[in-house]
Amino acid sequence: MSTTVSELKAKGVPFVNNEPSKVTYLNHENTVASWLLTLDHKRIGVMYLISMTFMFLLGGIFAGIIRAELITPKGDMLSSDFYNKTFTAHGVIMVFFVLIPAVPASLGNFIMPLMLGAKDVAFPRLNLMSWYLYVIGAVFTLLAMLLGGVDTGWTFYTPLSSTYSNGNVMVVAAGLFILGFSSILTGLNFIVTIHRMRAPGLTWFRLPLFVWALYATSIIQLLGTPVIAITLSLLGLERVLGVGIFDPRLGGDPILFQHLFWFYSHPAVYIMILPPLGVASELVTTFSRKPIFGYQMIAGSSLAIAIFSFIVWAHHMFTSGISPYAAMFFSLLTFSVAIPSGIKVFTWLGTMWRGSIVNDSPMWFAYGFIGLFTIGGLTGLFLSTLGTDIHLHDTYFVVAHFHYVMVGGAIVGLMGGLHFWWPKMFGRMYNEPLAKLSAFFVFAGFNLTFFPQFLLGYLGMPRRYHEYPAEMQVMNVFSTAGALVLGLGYIMPMIYLTYAAFWGPKASKNPWGATTLDWTATDSPPTPHNFEGQPVVTEEPYHYKSTENKEHALAH
Amino acid sequence: MSAHDHHEEMHPPAPVWMYVVNFLVLVVLTIVTYFVATKDLGAMSTPVALGIAVVKAGLVVLFFMHVFESGPLTKLTIFSSLFMVAVLCGFFLVDYSTRNLEVLPPEETAPVVEKSAKS
Ligand SMILES: [Cu+2]
């Protein structure tokens, strides 16, 4: 039985040179409304990716302005007030609109249901609503910037934010309040999906480690985000009604704001970094052609990080006037986070050891990720040590540290994941040499930008000033030069990946030879409902056989 | 769809009298809250007010929100939220209860200040 071309065309099946191309989630409907009203987790993931890239460009422009100002020791380009507004805009956009949703909302949304063998997430409508809440939150925040900006820094500390700053603080706070619900709904959606929609045979300990990482992340999103929403509401009450919860004249405590803020915002760092840690686990095992070393340790360490993340927050407040006993207590607890993070790094190294490593571009990003994350993590220990923190607090050492974790970790991890799953998402391959060049530029540019900042911070250069002593200029010039290289490393993939999505050579179903359902059971790009029939799982996630045999041969 | 899909069966809707009884208890407790607030209980006034509030919230969560008859996963979810609140408040207290430990009580410092001011 054969159908004619014209019959298929009448049904709306797209054709290239009169050959029917596959029906995929990308081409089965083409109207704008079919994207904006879609309930398909894959399309929502792509929409998140596009909107986040836009915010990333915007935040990057602000970063560029900051680095340009800091080329010279004098504050000659921007007024100090405008400089304050610039770094606030950079911080708010990058933290809340890029880093927090970076991997879960884009790659998580797209890949996680494929990994589970599910047709979609548990609540597709809620998923679409999350994206709209993200957009509305972004509109509020950008509106505040157009109205004249906010100068509090992304941390909104009282009493600056509650008493002295301009009213745009409340517009941003409203935007972040709305955005918070986007994050909560995504977390809720993922938890329910992972509990209820796994394919037959996909037991908890057969889940890919990316799913474990997203699960741990979702727990933090669900339990932590309401606290920041409440904190911002209290800030609003304080400003509008003067309830006095943060005002000592009325019996309040400005440090209470910091407690509440960091109760969310320290775990938020793990919302940013846990999913890329999961991506790294996938990359390392796939490109080492070897079952991952210490699967249960990695899964467990994700959960441990999620739990520990909630009991260390006051390490941001050692010099703010909290009790010295509390500072000791939180310093000690903070060191505990190093254990699960260390477990992850060592298990990746253990996986690579005697693997048949394939150096494709996603693996290059994974190398960069491991190196930058390790430096970021270890310098965190300097800051959690009470004695050194008094010297380093609010200096560029802190700035360098969290950029290593949040940008060197989260963004490089996202880029590794994008290069890994791009053929799955769009069914096309990108230019491999360009990808490797981008990985190199990002790694080199990143270190050139932020390593000098460790030295500057150690020398005592405070953050959030547009002027600095003349003898610190050399390091600042290095840093700005590095930012240019880093920027190039970011712009390149935006161009060649976009090009590849439309015109790249066709990718096969499983170009990397990976073993999880997202590769073995779906087409590239996937069909609208992901799978033909219901996939069944019968094995552990990373059953790479070839190296096991080789290891045997080596051992005997 | 996973194999263990229906392990939390849907319950038949709770009888109307349960909602009515619950509502009446909540109303009574609200009235109690009001009268307790008019009395000066000294140091006990906050704990008593919070105690009544906790009982009311508990009734809402357990019966109106059907947690009482739900599966273990739902109960675990509720428990973990409460646990988070306990962590938040408990760790705040680590700071607030020790913040002024090394400061001398005012009656010991006050005479010294007065003397030096007079001389
Ligand atoms: Cu922290």
Side-chain angles (χ1 to χ4, degrees), chain A residues 116-120 122 188 191-204 219-220 222-227 230-231 253 255-256 258-260 262-264 266-267 306-315 317-318 320-330 332-333 534 536-537, chain B residues 1-11 37 40-43 45-47 49-50 53-54 56-58 60-61 65-67 69-106 109:
Chain A
L116 296 182
K119 285 194 172 67
D120 209 311
L188 179 72
I191 289 177
V192 177
T193 307
I194 294 167
H195 271 274
R196 306 293 266 173
M197 301 187 58
R198 284 172 282 133
L202 189 55
T203 56
W204 281 91
I219 291 175
I220 304 178
L222 202 57
L223 293 178
T225 317
V227 178
I230 291 165
T231 311
D253 178 18
I255 297 174
L256 179 63
Q258 297 184 23
H259 272 304
L260 286 164
W262 289 113
F263 183 82
Y264 167 73
H266 181 77
I307 294 164
F308 285 162
S309 74
F310 279 109
I311 55 171
V312 299
W313 76 84
H315 58 220
M317 303 160 58
F318 288 160
S320 73
I322 59 168
S323 135
Y325 302 99
M328 284 182 230
F329 177 76
F330 278 102
L332 193 69
L333 286 175
Q534 173 64 63
V536 177
V537 179
Chain B
M1 291 286 117
S2 58
H4 46 108
D5 205 22
H6 294 286
H7 74 105
E8 268 181 45
E9 291 294 330
M10 290 298 288
H11 291 273
D40 185 11
L41 301 177
S45 54
T46 306
L50 281 176
V54 166
K56 288 202 296 194
V60 171
V61 169
M65 293 167 72
H66 301 284
V67 171
E69 62 218 78
S70 298
L73 199 57
T74 311
K75 287 188 172 125
L76 179 70
T77 309
I78 301 289
F79 172 78
S80 47
S81 329
L82 292 176
F83 181 73
M84 290 312 291
V85 177
V87 168
L88 181 78
C89 298
F91 281 36
F92 279 4
L93 287 178
V94 172
D95 176 15
Y96 286 104
S97 64
T98 59
R99 206 182 269 182
N100 298 316
L101 265 191
E102 59 278 272
V103 176
L104 290 170
T109 52

Exercise for the section: Mind telling me whether Phe91(B) and Phe330(A) have parallel, tilted or perpendicular rings, with 30° and 60° as the class edges? Expected result: perpendicular

Practice task
Please state whether the side chain, the backbone, both or neither of Leu333(A) comes within less than 4.5 Å of a heavy atom of chain B.
Solution key: side chain

Exercise for the section: Name the orientation class of the two ring planes belonging to Phe263(A) and Trp313(A) (parallel below 30°, tilted from 30 to 60°, perpendicular beyond 60°). Expected result: perpendicular

Exercise for the section: Please look at Ile255(A) and chain B and tell me whether the side chain, the backbone, both or neither of the residue comes under 4.5 angstrom of a heavy atom of that chain. Expected result: both

Completion exercise
Per-residue tally against chain B (heavy atom, under 4.5 Å) across Val227(A), Leu260(A), Leu222(A), Leu202(A) peaks at Leu260(A)

Exercise for the section: Give a yes or no answer on whether the side chain of Ser45(B) reaches the backbone of Leu41(B) with a donor-acceptor pair at less than 3.5 Å. Expected result: no

Handout entry: Under 4.5 Å from a heavy atom of chain B, the part of Leu116(A) involved
Key = neither

Exercise for the section: Heavy atoms only: give me the nearest His195(A)-Leu73(B) pair and the separation to one decimal. Expected result: ND1-CD2, 3.7 Å

